[in-house]
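Data first, discussion second: the structure below is written as structure tokens.
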Amino acid sequence: MDIEVDRDKCCGVGNCVEVAPSFFTLSDEDGHVVLLQAHASLDDAAAVREAAAQCPTDAIDVVE
Ligand code: SF4
């Protein structure tokens, strides 16, 4: 699975960081999301999908 984030849509709530901290973090500079890994294995797919589902601004795109 491939992961993309739209930093312009991100409002820095941090739901994705709580759900999948090995994939998402927040920038110290602007508080917006930073993608740590652009690809997820099957083992991590559920957590990444959950992070995308919990993003209030639809800033996370998952490409299966
Ligand atoms: S859940 Fe969405 S809005 Fe919140 S930090 Fe992550 S990408 Fe940004």
Side-chain angles (χ1 to χ4, degrees):
M1 148 196 301
D2 293 329
I3 310 156
E4 296 175 356
V5 296
D6 184 340
R7 301 193 76 245
D8 291 335
K9 281 188 181 177
C10 175
C11 63
V13 174
N15 297 358
C16 57
V17 180
E18 288 191 23
V19 173
S22 58
F23 288 88
F24 306 100
T25 190
L26 296 181
S27 165
D28 289 337
E29 291 179 9
D30 62 12
H32 292 191
V33 70
V34 175
L35 186 60
L36 299 174
Q37 304 181 60
H39 305 283
S41 67
L42 281 178
D43 285 347
D44 293 323
V48 172
R49 273 193 217 102
E50 181 64 19
Q54 291 202 20
C55 177
T57 61
D58 285 332
I60 301 170
D61 271 336
V62 171
V63 181
E64 304 279 353

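Values reported hereafter were calculated over all heavy atoms of this structure, with side chains retained and with hydrogens, waters and symmetry mates removed. Quick note: residue numbers are just sequence positions, from 1. Whatever order the structure lists them in is the order used to number ligands and atoms, beginning at 1.
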Problem - Numbered atoms and elements of ligand 1 in range of Cys16, under 4.0 angstrom, heavy atoms - result: 1 (S), 5 (S), 6 (Fe), 7 (S)
Handout entry: Any Gln37 side-chain heavy atom under 4.5 Å of Asp44 side chain
Key = no
Exercise for the section: Treating Ile, Leu, Val, Met, Phe, Trp and Tyr as nodes and any side-chain heavy-atom pair under 4.5 angstrom as an edge, say whether Val13 and Phe24 lie in one connected cluster. Expected result: no
Exercise for the section: Distance to 0.1 Å, residue and atom name: give those for the protein heavy atom nearest to atom 2 (Fe) of ligand 1. Expected result: Cys55 SG, 2.3 Å
Practice task
Confirm or rule out an N/O/S atom of Cys10, from backbone or side chain, lying less than 2.8 Å from atom 8 (Fe) of ligand 1.
Solution key: yes
Practice task
Kindly say whether Val33 contributes a backbone atom to a donor-acceptor pair with the side chain of Arg7 at under 3.5 angstrom?
Solution key: yes
Fill in the blank from the handout: A student checking ligand 1 against Gly14 at a 4.0 Å heavy-atom cut-off should list atoms 4 (Fe), 5 (S)
Exercise for the section: May I ask you to list the atoms of ligand 1 that are less than 4.0 angstrom from any heavy atom of Leu26? Expected result: 5 (S)
Practice task
Could you check if a side-chain atom of Leu42 sits within less than 4.5 angstrom of a side-chain atom of Met1, using non-hydrogen atoms only?
Solution key: no
Completion exercise
In ligand 1, the atoms that come under 4.0 Å of a heavy atom of Thr57 are 3 (S)
Practice task
Provide, to 0.1 Å, the distance between atom 3 (S) of ligand 1 and the closest protein heavy atom, together with that atom's residue and name.
Solution key: Cys11 N, 3.4 Å
Exercise for the section: Following the transitive rule for hydrophobic clusters with a side-chain heavy-atom cut-off under 4.5 Å over Ile, Leu, Val, Met, Phe, Trp and Tyr, establish whether Val17 and Val48 coincide in one cluster. Expected result: yes
Problem - Gap separating the CD atom of Glu4 from the CG atom of Asp6, nearest 0.5 angstrom - result: 9.5 Å
